[in-house]
Amino acid sequence: MKNRFTDRRRKKRRKKILIGTLSLFFIVICIASYLGFQVYDTAKESYSELERDNDMSELRDTKVKVGNEPISILLLGIEDYSSDGKGGRADTQIVITLDPKSKEVTMTSIPRDTKVQVPVEKVGSEYAGTHKINAAYTYGYLTNYGGKKLAVETVEDLLEIPIDKYVAVNFEGFHDIVDAIGGVKVDVKYPFWEKNFYSNDRIYFDEGITEMNGEEALAFVRMRKRDVSTVYSRDERQRQFIKATVDEVKSGDTLFEINKISEVLKDNVETNFKPSEILALQKKFPTISSTSIQTKEIKGTTPEVPGPSYFIPDLNKLEFLKKELKDSLKLS
């Protein structure tokens with residue numbers, strides 16, 4: 001079997017719920033019809049509001065009706081290992097749009113180094129100014145504005161669309177979700193290696209179909225410093241992994257791990273989806289195929305200049321992307 005390694009060391013599981021993930025929302029939706037009461041119970045324990053007026057984005061005139069109208073979701077992946085589980089950075093940010101009538105699904109990756117402005121009225125003069133978008137969560141956490149809230153609002157400012165919901169899990173949650181569903185098979189496009197987050201051993205990925213466990217999957221979606229990342233980017237691998245996870249969850253074998261999956265979700269996920277809203281979406285999206293997901297990306301460059309290395313979006317292409325996303329949400 002490819003990608004095997006020794007000296008597996010697990011960090012002590014953190015009970016505190018943090019945020020971020022790649023595939024969690026799709027796991028919930030794809031297995032909801034099988035979980036029944038367990039989904040309701042899981043969502044109830046994972047619920048965490050953003051403390052917004054009338055529980056809606058400022059870019060909405062009226063509150064969106066989940067299950068009846070197109071909605072947007074921000075998936076967040078928090079790297080909190082260097083902060084001992086406190087704060088951290090939202091190094092994975094993916095915007096999902098779902099249209100319950102047309103059944104169209106879009107997935108847009110946001111590069112972690114995207115240059116953004118964080119306003120003084122939200123974080124104070126100490127943290128306001130130019131930052132990478134992955135730091136918005138950090139400064140929201142440090143100033144008590146709210147890490148999740150500032151991350152959502154910063155994405156809204158960048159794309160000029162409302163973000164209605166968020167779903168999130170940290171490293172431990174991502175790892176455990178992949179293991180709970182029995183691993184994920186991914187068609188690796190280019191060979192590379194990445195350090196195991198838990199042991200620092202190298203994990204080698206060969207070209208071709210590779211079955212990954214939680215530790216291997218984490219290395220696959222995190223790698224960004226190897227030379228191959230110029231042709232096989234982190235954002236591309238994350239989108240690829242989500243699609244592979246969708247197909248894996250649809251398999252019959254996943255049904256035998258229902259209790260394990262339910263416990264992982266309750267212990268690790270944080271979301272502002274109410275149980276009734278998840279069930280409403282389940283009725284509209286009883287299954288999701290990877291082929292039905294339209295993938296989009298923000299085009300741009302990372303100029304080599306002194307100081308911080310920022311990703312600068314191509315403004316013309318960004319405007320086109322904004323229009324596409326607004327069309328997906330029936331806002332234009």
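Keep in mind that what you see is a predicted model, and the values were worked out from it rather than measured.
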Original post:
Honestly curious: do V305 and V116 fall in one hydrophobic cluster under the side-chain, below-4.5 Å linking rule?
Top reply: no
Original post:
Going hydrophobic residue to hydrophobic residue with side-chain gaps under 4.5 angstrom, can you get from V167 over to V64?
Top reply: yes
Subject >> E319 bridged to K322 by N-O distance under 4.0 Å >> reply: yes
Subject >> Steps toward side chain to side chain donor-acceptor pair (under 3.5 Å) verdict (S109, R239) >> reply: CA-CA 7 Å; S109 301; R239 293 193 299 268; 3.1 Å; yes
Subject >> Under 3.5 Å side-chain donor-acceptor pair for Q238 and T92 >> reply: yes
Subject >> Linked, directly or transitively: V95 and F311 (ILVMFWY side chains, under 4.5 Å) >> reply: yes
**OP:** Kindly indicate, with the supporting measurements, whether the criterion side chain to side chain contact (heavy atoms under 4.5 Å, CB included) is fulfilled by V221 and R237.
**Re:** CA-CA 6 Å; V221 301; R237 280 177 279 112; 5.5 Å; no
Subject >> Trace of the side chain to side chain donor-acceptor pair (under 3.5 Å) decision for Q240 with Y232 >> reply: CA-CA 11 Å; Q240 185 183 11; Y232 197 23; 2.5 Å; yes
Original post:
Would you call R226 and E194 a salt bridge, using N to O less than 4.0 angstrom?
Top reply: yes
Original post:
Centres of the H175 and Y198 rings: under 6.0 Å?
Top reply: yes
Original post:
Any luck finding a side-chain donor-acceptor pair between T130 and Q117 under 3.5 Å?
Top reply: yes
**OP:** Could you give me the CA-CA distance, side-chain angles and deciding distance for S57 and E156, then say whether side chain to side chain donor-acceptor pair (under 3.5 Å) is met?
**Re:** CA-CA 9 Å; S57 168; E156 289 183 329; 2.6 Å; yes
Original post:
Are K299 and E297 close enough, and set up right, to give a salt bridge (Lys or Arg N to Asp or Glu O under 4.0 Å), and what steps lead you there?
Top reply: CA-CA 6 Å; K299 302 287 188 177; E297 60 181 314; 3.3 Å; yes
**OP:** Report, as yes or no, whether the 6.0 Å neighbourhood of atom CG on N54 holds more than 12 heavy atoms from other residues, nucleotides or ligands.
**Re:** yes
Original post:
Just wondering, more than 12 heavy atoms not from K63 lying within 6.0 Å of its NZ?
Top reply: yes
**OP:** State the CG-CZ distance between L325 and F320, to the nearest 0.5 angstrom.
**Re:** 10.5 Å
**OP:** Salt-bridge test for K101 and E69: reply yes if a basic N is under 4.0 Å from a carboxylate O, no otherwise.
**Re:** no
**OP:** Dump the intermediate steps for side chain to side chain donor-acceptor pair (under 3.5 Å) on T106 and T97, then the final yes or no.
**Re:** CA-CA 5 Å; T106 73; T97 67; 2.4 Å; yes
Original post:
Is it the case that T154 and D157 place a side-chain donor and acceptor less than 3.5 Å from each other?
Top reply: no
Original post:
Do the side-chain N and O atoms of N134 and D91 include a donor-acceptor pair separated by under 3.5 angstrom?
Top reply: yes
Original post:
Is the number of heavy atoms from other residues, nucleotides or ligands within 6.0 Å of CD (E58) greater than 12?
Top reply: no
**OP:** Count the heavy atoms of every other residue, nucleotide or ligand shown that sit under 6.0 Å from CD of E51, and state whether that count exceeds 12.
**Re:** no
**OP:** Identify whether V228 and F205 are in the same connected component of the hydrophobic contact network (ILVMFWY, side-chain heavy atoms under 4.5 Å).
**Re:** yes
Original post:
Do we see a donor-acceptor contact under 3.5 Å between the side chains of E153 and Y145?
Top reply: yes
